[in-house]
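Only one structure is covered here, and it is reproduced in the block below.
Just so it is clear: chains get the letters A, B, ... in the order the sequence lines come, proteins before strands, and each one is counted from 1. All of these numbers come straight from a predicted model, not from anything done at the bench.
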Number of protein chains: 2
Amino acid sequence: MIDAAGLRVMRAIADEGSFTAAALSLGYSQPAISQMVRRLETRTGTTLVERVGRSVRLTEAGQVLARHAGPVLSALDAAEEEVAAIAGLRSGRVRLMAFPSASATLVPRALAKVKAEHPGVSITFSEAEPPESLAALRAGECDLAVAFAYEGTDLGRGEEDLDAFVTTPLLDDEVLLAVPRDHELAASGNVDMAALKDETWIAGCPRCRGHLLQLASEAGYVPDVAYETEDYVAVMGLIAEGLGIAVIPDLILRTVHHEEVAALPMTPASRRNIVAVTTPDLQRVPAVKATLDALVESAREASAKAGQRTTRGGTKSAKCKPVPTA
Amino acid sequence: MIDAAGLRVMRAIADEGSFTAAALSLGYSQPAISQMVRRLETRTGTTLVERVGRSVRLTEAGQVLARHAGPVLSALDAAEEEVAAIAGLRSGRVRLMAFPSASATLVPRALAKVKAEHPGVSITFSEAEPPESLAALRAGECDLAVAFAYEGTDLGRGEEDLDAFVTTPLLDDEVLLAVPRDHELAASGNVDMAALKDETWIAGCPRCRGHLLQLASEAGYVPDVAYETEDYVAVMGLIAEGLGIAVIPDLILRTVHHEEVAALPMTPASRRNIVAVTTPDLQRVPAVKATLDALVESAREASAKAGQRTTRGGTKSAKCKPVPTA
DNA sequence: CAGATTCTATAACAGACAGTTATCGATCTC
DNA sequence: GAGATCGATAACTGTCTGTTATAGAATCTG
């Protein structure tokens with residue numbers, strides 16, 4: 001019934017003392033004020049302004065409206081300002097989820113970028129593997145997820161979500177073969193998967209294990225998986241001790257070094273696609289967009305270095321003692 | 001930019017959890033909500049609602065708006081309620097001015113009526129003679145004035161105000177001649193003004209004095225005004241002591257009794273018109289209207305009694321000692 | 001006292017806006 | 001897989017909210 005515009009007009013009349021002055025101060029024409037007052041009067045059913053001579057004076061009811069204008073309008077301004085702060089990246093909150101090994105460099109770097117450019121944006125971050133992070137995204141508990149999929153597979157959900165989600169490629173992570181530095185293959189420039197039929201394997205996370213099974217299956221055998229752990233530091237330790245070999249994404253190898261482990265490119269080459277996932281709606285939220293951009297940028301930087309690193313890792317020759325598989 | 005309607009919609013969406021339910025609760029159609037949200041989103045430049053599946057969820061910015069809706073809308077409601085209270089006579093304030101002798105019965109009775117029928121209406125009352133009360137009305141310091149004019153004269157202002165003011169007749173007050181009870185004329189049923197050429201007069205307020213001068217002038221003489229006082233109790237005392245005679249409106253005689261004073265009708269008959277004056281705008285203010293109505297009603301009651309009283313006063317015979325004029 | 005100025009009211013009009021109904025596509029449920 | 005439910009969209013409509021132009025009234029001024 002009564003709207004903010006009406007209050008604004010009444011306050012202006014109270015402040016300025018005349019319709020004309022009120023119109024001027026609000027940037028309206030004089031008849032607009034005249035009509036607005038009349039509208040308000042018919043709506044409230046009361047006289048709000050007393051027309052005396054060539055000036056006007058507010059009646060008691062009019063003064064009531066003018067008096068209420070302050071609180072209401074400032075509350076509205078506060079709301080608008082708060083939204084504008086979010087829109088203008090002076091504020092905002094992003095709930096980010098990423099799988100563990102992305103937390104090592106990609107995510108921290110992106111977080112630092114966002115913090116540097118938009119100090120007002122706060123990002124909460126938690127680790128989750130792709131299936132859970134997508135579920136959280138779908139459940140509204142997460143705004144942006146960093147997930148991965150091995151080439152040729154999906155993100156762990158059905159294809160139903162193809163248009164419910166927006167996927168932005170971040171990195172193409174090459175999957176390497178990690179062997180003890182003194183393994184017989186450590187010197188080869190490239191290892192054929194088929195040649196690893198008799199090796200003992202160490203599997204990582206469930207999806208990584210699935211990927212290993214798939215690779216072996218394509219090479220025509222079922223791998224002997226002796227160990228399973230999601231802790232890549234442990235994986236490296238196991239490899240270094242000669243207890244097995246593993247397929248490990250380059251991104252992880254870059255973080256978890258081990259002197260006694262060598263990484264080699266494989267045939268067929270296998271890649272892990274790291275992507276950022278959000279929804280079309282959330283992607284338009286400025287803070288989410290900014291974080292996504294930061295992720296893309298730090299992925300680009302990491303990708304440049306990755307090329308060097310992969311080459312180095314791939315060509316690094318091994319010349320140490322072989323350790324029998326357990 | 002953001003208006004109350006927008007906040008109301010956002011809050012409804014937050015409360016109800018869907019556009020359709022929000023539309024239902026607000027009495028709108030579903031597309032109206034859909035469009036409203038889109039409008040708000042373009043205006044704020046941010047996504048406010050996350051469309052997930054067949055349901056919706058508020059983004060951070062959307063939650064901000066929904067959160068602000070409460071205070072703003074309740075403040076608006078409070079304003080509306082307050083105005084409605086004034087319009088609906090559950091509240092309201094009337095500043096009433098009346099000339100002194102109207103304060104005796106007419107005004108108190110009207111005040112009592114208003115208080116009984118509309119306890120929320122508060123009336124402030126002050127005494128003022130017609131010229132001042134009209135000035136106050138014009139100056140906005142008064143909402144309703146009770147004034148009087150002797151028949152054939154105006155209210156003390158020029159006729160310029162004929163349409164700026166609204167005048168409501170209240171009483172037709174007959175002007176009587178007050179003489180000592182033992183005055184030689186006290187027995188007459190009706191006294192001719194012309195026969196009072198040699199009397200000594202007591203004048204009341206300035207305008208009453210003017211009225212006396214006019215009556216005498218019409219009768220062809222200039223009265224000998226020996227005393228002037230606005231205090232009618234004093235006037236009665238003076239008359240009772242035989243120091244002079246006076247023309248006094250019946251309304252006053254009804255309040256200020258004096259055993260030793262008789263009141264007689266005069267020829268030519270002279271009347272004092274008591275009216276209520278306000279402005280067209282103020283007349284539409286319910287509290288003012290109610291007070292005006294109460295005045296009219298109590299005037300009607302007083303008028304009925306006045307007939308009886310005047311007759312009695314006029315026919316009351318005097319049989320006491322004559323007192324020489326001073 | 002008359003003219004100038006300044007204010008509000010009104011008329012006529014234009015555009016935007018906020019609703020409507022009808023319909024579609026998508027999703028969740030049984 | 002069928003039906004129900006929900007949101008998006010299209011097309012349309014009426015009202016509302018501004019505008020400009022002009023008239024009328026009141027105050028100020030010379």
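One interatomic measurement links the two molecules: CG of A/Leu40 to P of D/dG18, which rounds to 11 Å at whole-angstrom precision. In this structure, the CG atom of A/Leu24 is 13 Å from the C1' atom of C/dC7, given to the nearest Å. Whole-Å rounding puts the A/Ile33 CD1 to C/dA9 C1' distance at 14 Å. In this entry the distance linking CG of B/Leu48 with C1' of D/dA8 reads 17 Å, nearest Å. The distance from atom CZ of A/Phe19 to atom C1' of D/dA25 is 15 Å, rounded to the nearest whole Å. In this entry the distance linking CD of A/Glu16 with C1' of C/dC7 reads 15 Å, nearest Å.
At D/dG7, one or more side-chain N or O atoms of B/Ser18 fall inside 4.0 Å of OP1 or OP2 (strictly under the cut-off). Residue B/Arg38 places at least one side-chain N or O closer than 4.0 Å to OP1 or OP2 of D/dT9. Put simply, A/Arg51 has no side-chain N or O that comes within less than 4.0 Å of OP1 or OP2 on D/dA26. B/Ser34 has a side-chain polar atom (N or O) that falls below the 4.0 Å cut-off from OP1 or OP2 of D/dA8.
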Summarise how protein sits on nucleotides 11-24 of chain C as a single string, 5' to 3': B when a protein heavy atom is under 4.0 Å from the base, S for sugar-phosphate-only contact, - for no contact.
-> -B-----BBBBB--
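Within 4.0 Å (heavy atoms only), B/Thr20 reaches sugar-phosphate atoms of the nucleic acid but no base atom.
Summarising the geometry, atom OG1 belonging to B/Thr44 is positioned 7.0 Å from atom CG belonging to B/Leu65; distances are rounded to the nearest 0.5 Å. A distance of 8.0 Å separates CG of B/Leu48 from CG of B/Leu58, quoted to the nearest 0.5 Å.
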Can you check side-chain contact (heavy atoms from CB on, under 4.5 Å) on B/Val285 and B/Asp143, steps first, answer last?
-> CA-CA 9 Å; B/Val285 174; B/Asp143 300 310; over 6 Å; no
Pair B/Arg43-A/Glu80, salt bridge (charged side-chain N to carboxylate O under 4.0 Å, His left out): steps then yes or no = CA-CA 10 Å; B/Arg43 278 192 247 195; A/Glu80 197 165 322; over 6 Å; no
Would you sort out whether B/Val49 and B/Glu41 count as a side-chain contact (heavy atoms from CB on, under 4.5 Å), showing the intermediate values?
-> CA-CA 8 Å; B/Val49 171; B/Glu41 286 183 334; 4.2 Å; yes
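Contact detail for A/Thr291 and A/Leu144: the closest heavy-atom pair is CG2-CD2, 3.7 Å. Nearest heavy atom pair, residue A/Met10 against residue A/Ala66, reads O-CB, 3.9 Å.
At its two ends the helix from C/dC1-D/dG30 to C/dC30-D/dG1 runs along axes set 30° apart, each axis drawn from five pairs and the angle rounded to 10°.
Using a 4.0 Å cut-off between charged nitrogen and carboxylate oxygen, A/Arg90 and A/Glu81 count as a salt-bridge pair.
In this pair, A/Tyr150 and A/His211 present their aromatic rings parallel. The plane angle is below 30°, not in the 30 to 60° band.
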